[in-house]
Structures are given as structure tokens and as C-alpha cells.
Amino acid sequence: MKILVDADACPVKTIIEKVAKSLNIRVLMVIDTSHILEPGYCEVIQVSKAPDAVDIALINRTEPGDIVVTQDYGVATMVLGKKAFAINQNGRYYTEDNIDLMLFERHLAGKQRRAGSRTGTIKKRSKEDDLHFETAFLRLCSQALLKG
């Protein structure tokens with residue numbers, strides 16, 4: 001079992017490394033060539049800037065029982081199809097029970113944006129957000145280790 005991270009815009013990389021190191025879980029952070037990431041506990045995999053290159057590299061390396069951290073609902077759908085676990089940077093689990101609704105909501109928001117409406121709000125990440133992610137991520141890692 002390993003942890004794979006869509007690391008280009010991931011705000012919780014240090015938390016992922018801290019938790020993974022404490023549990024002795026291998027971490028692969030996947031980035032494109034427009035980003036620089038100094039490897040700490042993790043292994044960094046750098047791919048081209050081609051569209052979806054990071055997503056493809058991530059999915060190609062995902063195996064059943066792995067954990068993938070991503071903000072991308074499409075990637076999460078493929079992860080679930082590979083019988084792996086998926087979580088976003090806010091600690092929300094992607095599951096077979098919620099992914100269809102999330103994809104539908106994304107579709108509706110896209111239609112609204114194309115029609116000129118604004119959707120959602122951007123807020124600064126807080127310490128509480130990080131704590132919530134860390135708690136959810138630790139729980140998921142423990143669960144995955146028990147199943148593995």
C-alpha cells in the first residue's frame with residue numbers, strides 16, 4: 001500500500017508526509033515540469049506539462065488499497081474504479097456513495113460558469129482546515145493499513 005498525491009496544487013503535502021512517515025507508508029508525489037518539489041520523506045515523480053499528464057501518471061501507478069490525494073473528481077472516480085481510496089485536501093472522502101453526486105454538481109457548476117455566473121467562493125486555508133484534513137487522512141491511512 002502506498003500514498004499517491006496529485007501534488008501540483010496540493011496545500012497539505014507536509015501533513016501527508018508527516019502522517020505517512022509516522023505510519024511508515026511510502027509516498028509518491030506527482031508533479032508536472034512547471035513545479036519544483038524538494039523530496040523529503042516522499043518520492044517525487046515529475047511528468048510533462050501535457051494536459052492530464054499528472055492524472056495519467058497517478059492513475060497508472062495506483063493499485064488496489066492505495067490512497068490517492070486529489071482535488072480532481074475525475075481522478076477520484078478512476079481511483080475508486082481501481083479499488084483504491086481517495087480523499088481531497090479538505091479531508092472529504094470520495095466514495096462509491098458520493099462520487100456520482102459530486103460529478104453531477106461539478107457539471108451543473110460548469111454550466112453556470114459557461115453562462116456567466118460565479119460559483120463557489122475562495123477562502124484562505126486555515127489551521128482548522130489543516131487539522132480536519134490531518135484527522136481524516138490519519139483515519140483513512142489506518143483503515144487502509146488494516147484492510148491491507
Leu4: hydrophobic cluster co-members (side-chain, 4.5 Å): Leu28, Val30, Ile45, Val47, Val54, Leu58, Ile59, Val68, Val75, Met78, Val79
Which residues pass the side chain to side chain donor-acceptor pair (under 3.5 Å) test with Glu96, sequence neighbours left out? none
Going by side-chain hydrogen bond (donor to acceptor under 3.5 Å, both in side chains), name the pairs with one or both residues in residues 15-32, residues two or more places apart or in two chains. Lys18-Glu134, Arg26-Glu43, Asp32-Ser34, Asp32-His35
Heavy-atom check, side chain of Tyr94 versus side chain of Thr77, under 4.5 Å: no
For Ile56, the other hydrophobic cluster members (4.5 Å side-chain criterion, sorted by chain and number) are none
Those residues at least two apart in sequence (or on a different chain) that pass side chain to side chain donor-acceptor pair (under 3.5 Å) with Tyr93 are Arg139
Which residue pairs pass the salt bridge (charged side-chain N to carboxylate O under 4.0 Å, His left out) test when at least one of the two sits in residues 86-95, sequence neighbours left out? none
Partner set under salt bridge (charged side-chain N to carboxylate O under 4.0 Å, His left out) for Lys2, not counting sequence neighbours: Glu63, Asp66
Test salt bridge (charged side-chain N to carboxylate O under 4.0 Å, His left out) applied to Asp130 - qualifying residues, sequence neighbours left out: Arg125
Hits for side chain to side chain donor-acceptor pair (under 3.5 Å) against Thr62, two or more places apart or cross-chain, chain-then-number order -> none
Run the side chain to side chain donor-acceptor pair (under 3.5 Å) test against Asp55 and tell me which residues pass, sequence neighbours left out. none
Could I get the full list of ring pair (Phe, Tyr, Trp, His ring centres under 6.0 Å) partners for Phe85, not counting sequence neighbours? none
Hits for salt bridge (charged side-chain N to carboxylate O under 4.0 Å, His left out) against Lys123, two or more places apart or cross-chain, chain-then-number order -> Asp129
